[in-house]
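This report concerns only the one structure given below.
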Amino acid sequence: MQHLHQMINRRVQTITKAELLQQAQKFQVALTEKQADQFIEWLAHHKVDLFSEEKRTELFQAAERILGKREAAALEMMLRPYMHFLKL
(Lines give C-alpha, C1' and ligand atoms only; values in the text may rest on other atoms or scores of the structure.)
Protein backbone atom coordinates (compact mmCIF):
# COMPACT_ATOMS: atom_id res chain seq x y z
CA MET A 1 0.00 0.00 0.00
CA GLN A 2 2.89 2.35 0.77
CA HIS A 3 4.08 2.11 -2.84
CA LEU A 4 0.63 3.12 -4.07
CA HIS A 5 0.60 6.09 -1.68
CA GLN A 6 3.97 7.19 -3.04
CA MET A 7 2.75 6.94 -6.63
CA ILE A 8 -0.35 9.02 -5.90
CA ASN A 9 1.60 11.68 -4.00
CA ARG A 10 4.24 11.83 -6.76
CA ARG A 11 1.52 12.28 -9.37
CA VAL A 12 0.04 15.24 -7.50
CA GLN A 13 3.51 16.64 -6.79
CA THR A 14 4.43 16.60 -10.49
CA ILE A 15 1.23 17.91 -12.08
CA THR A 16 2.04 20.22 -14.96
CA LYS A 17 0.62 23.66 -15.54
CA ALA A 18 -1.28 22.40 -18.59
CA GLU A 19 -2.79 19.54 -16.57
CA LEU A 20 -3.75 21.88 -13.74
CA LEU A 21 -5.46 24.27 -16.15
CA GLN A 22 -7.21 21.34 -17.85
CA GLN A 23 -8.53 20.02 -14.53
CA ALA A 24 -9.68 23.50 -13.53
CA GLN A 25 -11.61 23.78 -16.78
CA LYS A 26 -13.08 20.29 -16.30
CA PHE A 27 -14.40 21.31 -12.86
CA GLN A 28 -15.48 24.73 -14.15
CA VAL A 29 -13.04 26.65 -11.98
CA ALA A 30 -11.67 29.96 -13.21
CA LEU A 31 -7.90 29.70 -12.93
CA THR A 32 -5.45 32.17 -14.38
CA GLU A 33 -2.08 31.18 -15.80
CA LYS A 34 -0.42 33.24 -13.06
CA GLN A 35 -2.29 31.31 -10.35
CA ALA A 36 -1.38 28.02 -12.00
CA ASP A 37 2.29 29.09 -12.13
CA GLN A 38 2.23 30.08 -8.46
CA PHE A 39 0.61 26.81 -7.39
CA ILE A 40 3.03 24.72 -9.45
CA GLU A 41 5.87 26.70 -7.87
CA TRP A 42 4.48 25.98 -4.40
CA LEU A 43 4.25 22.27 -5.21
CA ALA A 44 7.88 22.29 -6.34
CA HIS A 45 9.02 23.45 -2.91
CA HIS A 46 6.69 21.53 -0.58
CA LYS A 47 6.19 17.85 0.08
CA VAL A 48 2.74 16.58 -0.86
CA ASP A 49 1.24 13.77 1.17
CA LEU A 50 -2.47 13.31 0.63
CA PHE A 51 -2.47 10.55 3.24
CA SER A 52 -1.36 12.88 6.02
CA GLU A 53 -4.02 15.14 7.49
CA GLU A 54 -1.39 17.76 8.35
CA LYS A 55 0.10 17.83 4.83
CA ARG A 56 -3.36 17.78 3.21
CA THR A 57 -4.35 20.77 5.32
CA GLU A 58 -1.15 22.54 4.29
CA LEU A 59 -1.96 21.84 0.63
CA PHE A 60 -5.52 23.16 0.94
CA GLN A 61 -4.37 26.27 2.81
CA ALA A 62 -1.80 27.00 0.10
CA ALA A 63 -4.47 26.46 -2.56
CA GLU A 64 -6.79 28.88 -0.79
CA ARG A 65 -4.05 31.51 -0.44
CA ILE A 66 -2.79 31.17 -4.03
CA LEU A 67 -5.92 30.24 -5.94
CA GLY A 68 -8.74 31.61 -3.80
CA LYS A 69 -11.39 30.16 -1.51
CA ARG A 70 -13.69 28.90 -4.29
CA GLU A 71 -10.84 27.28 -6.15
CA ALA A 72 -9.49 25.58 -3.02
CA ALA A 73 -12.97 24.20 -2.38
CA ALA A 74 -12.94 22.83 -5.93
CA LEU A 75 -9.65 21.07 -5.19
CA GLU A 76 -11.28 19.38 -2.23
CA MET A 77 -14.23 18.42 -4.47
CA MET A 78 -11.80 16.83 -6.95
CA LEU A 79 -10.50 14.61 -4.15
CA ARG A 80 -13.92 13.78 -2.70
CA PRO A 81 -14.43 10.62 -4.82
CA TYR A 82 -11.23 9.24 -3.30
CA MET A 83 -12.00 10.14 0.32
CA HIS A 84 -12.63 6.55 1.36
CA PHE A 85 -9.32 5.52 -0.14
CA LEU A 86 -7.43 8.41 1.44
CA LYS A 87 -9.23 7.76 4.75
CA LEU A 88 -10.25 11.42 4.95
Side-chain angles (χ1 to χ4, degrees):
M1 188 65 96
Q2 185 65 22
H3 182 67
L4 183 59
H5 289 192
Q6 290 173 342
M7 287 175 38
I8 292 167
N9 287 329
R10 190 174 320 118
R11 181 65 190 110
V12 172
Q13 188 87 51
T14 60
I15 191 169
T16 66
K17 178 181 172 179
E19 291 169 331
L20 182 59
L21 290 169
Q22 181 182 33
Q23 288 299 311
Q25 185 178 29
K26 178 180 174 182
F27 283 85
Q28 300 174 344
V29 174
L31 186 65
T32 67
E33 292 212 12
K34 181 179 178 184
Q35 288 171 313
D37 286 333
Q38 290 174 331
F39 194 65
I40 295 297
E41 179 71 18
W42 185 90
L43 287 172
H45 293 95
H46 294 84
K47 183 179 182 218
V48 170
D49 185 355
L50 295 177
F51 302 91
S52 160
E53 186 174 346
E54 179 183 337
K55 287 293 188 179
R56 228 181 11 259
T57 299
E58 185 180 321
L59 174 69
F60 292 142
Q61 287 173 344
E64 187 173 324
R65 188 180 71 255
I66 295 167
L67 308 175
K69 191 172 220 122
R70 181 177 178 272
E71 291 76 7
L75 176 61
E76 290 188 64
M77 278 183 18
M78 289 178 209
L79 293 175
R80 190 165 289 139
Y82 310 101
M83 289 178 82
H84 66 285
F85 181 72
L86 297 175
K87 299 176 187 172
L88 302 177

Lys55: partners by salt bridge (charged side-chain N to carboxylate O under 4.0 Å, His left out), with sequence neighbours left out: Glu58
Can you list everything that forms a salt bridge (charged side-chain N to carboxylate O under 4.0 Å, His left out) with Lys34? Sequence neighbours excluded, please. none
Got a sec, which residues hit side-chain contact (heavy atoms from CB on, under 4.5 Å) with Glu54, two or more places apart in sequence or on another chain? Ser52
About how many Å separate CG of Asp49 and CD of Gln6, when rounded to the nearest 0.5 Å? 9.5 Å
Taking all atoms of both residues into account, what is the closest heavy-atom pair of Phe39 and Ala62, and its distance? CE1-C, 4.5 Å
Going by the side-chain hydrogen bond (donor to acceptor under 3.5 Å, both in side chains) test, which pairs reach into residues 65-74, not counting sequence neighbours? none
Between CG on residue Leu75 and CZ on residue Phe60, distance to nearest 0.5 Å: 5.0 Å
First locate atom NE2 of His45, then atom CD1 of Ile40, and finally report the distance between them rounded to the nearest 0.5 Å. 12.5 Å
Residues 22-32 side chain polar contacts: donor-acceptor under 3.5 Å, at least two apart:
residue	atom	partner	partner atom	Å
Thr32	OG1	Gln35	N	3.0
Thr32	OG1	Gln35	OE1	3.3

Under the side-chain contact (heavy atoms from CB on, under 4.5 Å) test, residues paired with Gln13 that sit two or more places apart: Leu43, Val48
Residue pairs, two or more places apart or on separate chains, that pass salt bridge (Lys or Arg N to Asp or Glu O under 4.0 Å) and touch residues 35-47: Lys17-Asp37
Treating Asn9 as the side-chain partner and Leu50 as the backbone partner, does any N or O pair qualify as donor plus acceptor under 3.5 Å? yes
Cluster question for you: counting only ILVMFWY and a side-chain heavy-atom cut-off of under 4.5 Å, with indirect links fine, are Phe51 and Leu4 together? yes
Please identify each residue that fulfils salt bridge (charged side-chain N to carboxylate O under 4.0 Å, His left out) with Glu19, with sequence neighbours left out. Arg11
Working to the nearest 0.5 Å, report the span between CG of Leu21 and OG1 of Thr16. 8.5 Å
